[in-house]
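None of the values given here were measured: they were computed from a predicted structure.
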Amino acid sequence: MASGLAFEASTRVSFDASVIYYGRNPKNINDIAKIKGAILAIYASEDPAINQGIPDLIKAVLTHKPRFEMAFYPGTYHAFATEGGPAYNEVAAKDAWERTVNFFRKYLG
C-alpha cells in the first residue's frame, strides 16, 4: 500500500525522482501525464495483485512518456526486499537497492 501511495504522490507533487517498489498504479492511470520527475518501478515477478496493473501502466507510459524505468525480479514475491520478511530474497534485494541508489545518483546528483 505504501508504494502505491508513493506512486500516487508522484502524480501530485513535483519530485525530481521517485522509486516505487511493487506499488499499485495511480488511481487514475492517466495521471501518469502529471509526473514531472523520473520514476523507477521495481516489481516482483510473482505478485499477481500488483502485476495485473502493469499492462495499463505500460500503455500510459507509452502515451504520456515520463522518464520511466522498470525492473522485474524473476522468482520473487511481493516485499522481496524486506529484510527478515517471509518473502525476502537477498540477491534480488541487494540488486534492487543498488539500482535504487544508482537511479537517485543519476537524477538527484
Side-chain angles (χ1 to χ4, degrees):
M1 180 150 161
S3 287
L5 291 174
F7 212 165
E8 186 74 32
S10 70
T11 69
R12 299 169 187 246
V13 179
S14 186
F15 297 117
D16 291 330
S18 300
V19 177
I20 313 300
Y21 276 69
Y22 17 82
R24 294 192 187 281
N25 292 346
K27 289 180 185 176
N28 180 349
I29 194 66
N30 288 315
D31 284 348
I32 294 290
K34 299 176 183 177
I35 295 174
K36 302 296 184 216
I39 298 284
L40 170 60
I42 293 175
Y43 295 98
S45 68
E46 306 304 316
D47 194 358
I50 298 299
N51 294 352
Q52 69 183 356
I54 290 174
D56 290 336
L57 175 62
I58 291 171
K59 287 177 193 172
V61 166
L62 291 173
T63 299
H64 302 295
K65 300 181 183 11
R67 287 175 290 166
F68 186 84
E69 297 177 28
M70 181 183 278
F72 283 91
Y73 288 88
T76 60
Y77 296 85
H78 190 88
F80 71 80
T82 303
E83 192 171 344
Y88 183 63
N89 180 306
E90 183 177 9
V91 172
K94 286 182 177 183
D95 186 79
W97 181 248
E98 184 176 331
R99 220 181 265 265
T100 297
V101 170
N102 289 334
F103 181 82
F104 281 138
R105 281 188 184 134
K106 178 179 177 180
Y107 289 103
L108 303 179

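Counting heavy atoms from C-beta outward, L62 and I58 have side chains that approach closer than 4.5 Å. Taking 4.5 Å as the limit, some side-chain heavy atom of E69 sits within range of a side-chain heavy atom of K106. Between Y107 and D16 there is no side-chain heavy-atom pair separated by less than 4.5 Å.
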* Could you go step by step and tell me if D47 and Y73 meet the side chain to side chain contact (heavy atoms under 4.5 Å, CB included) rule? -> CA-CA 10 Å; D47 194 358; Y73 288 88; over 6 Å; no
* Hey, mind stepping through K94 and E98 against salt bridge (charged side-chain N to carboxylate O under 4.0 Å, His left out) and telling me if it holds? -> CA-CA 6 Å; K94 286 182 177 183; E98 184 176 331; over 6 Å; no
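Partner of P66 under the side-chain contact (heavy atoms from CB on, under 4.5 Å) criterion, chosen from V61, I39, T11: V61.
Here the shortest heavy-atom pairing between R67 and G37 reads NH2-CA, 3.3 Å. Taking every heavy atom of both residues into account, S10 and S18 meet most closely at CB-OG, 3.7 Å. Closest approach of Y21 and A96 over heavy atoms only: OH-O, 3.2 Å. Scanning both residues, G75 and S45, for their nearest heavy atoms gives N-OG, 2.8 Å. Between A44 and Y22 the shortest heavy-atom distance is N-CD2, 4.4 Å.
Interatomic distance, F72 CZ to N51 CG, rounded to the nearest 0.5 Å: 5.5 Å. Interatomic distance, E46 CD to N89 CG, rounded to the nearest 0.5 Å: 11.5 Å. The structure places CD1 of I32 at 10.5 Å from CG of D56, a figure rounded to the nearest 0.5 Å.
More than 12 heavy-atom neighbours from other residues, nucleotides or ligands sit within 6.0 angstrom of CG on N28.
A donor-acceptor pair under 3.5 Å links the side-chain atoms of R24 to the main chain of A49, judged by distance alone.
Aromatic ring pairs are classed by plane angle as parallel below 30°, tilted from 30° to 60° and perpendicular above 60°; the pair F7 and F68 is parallel.
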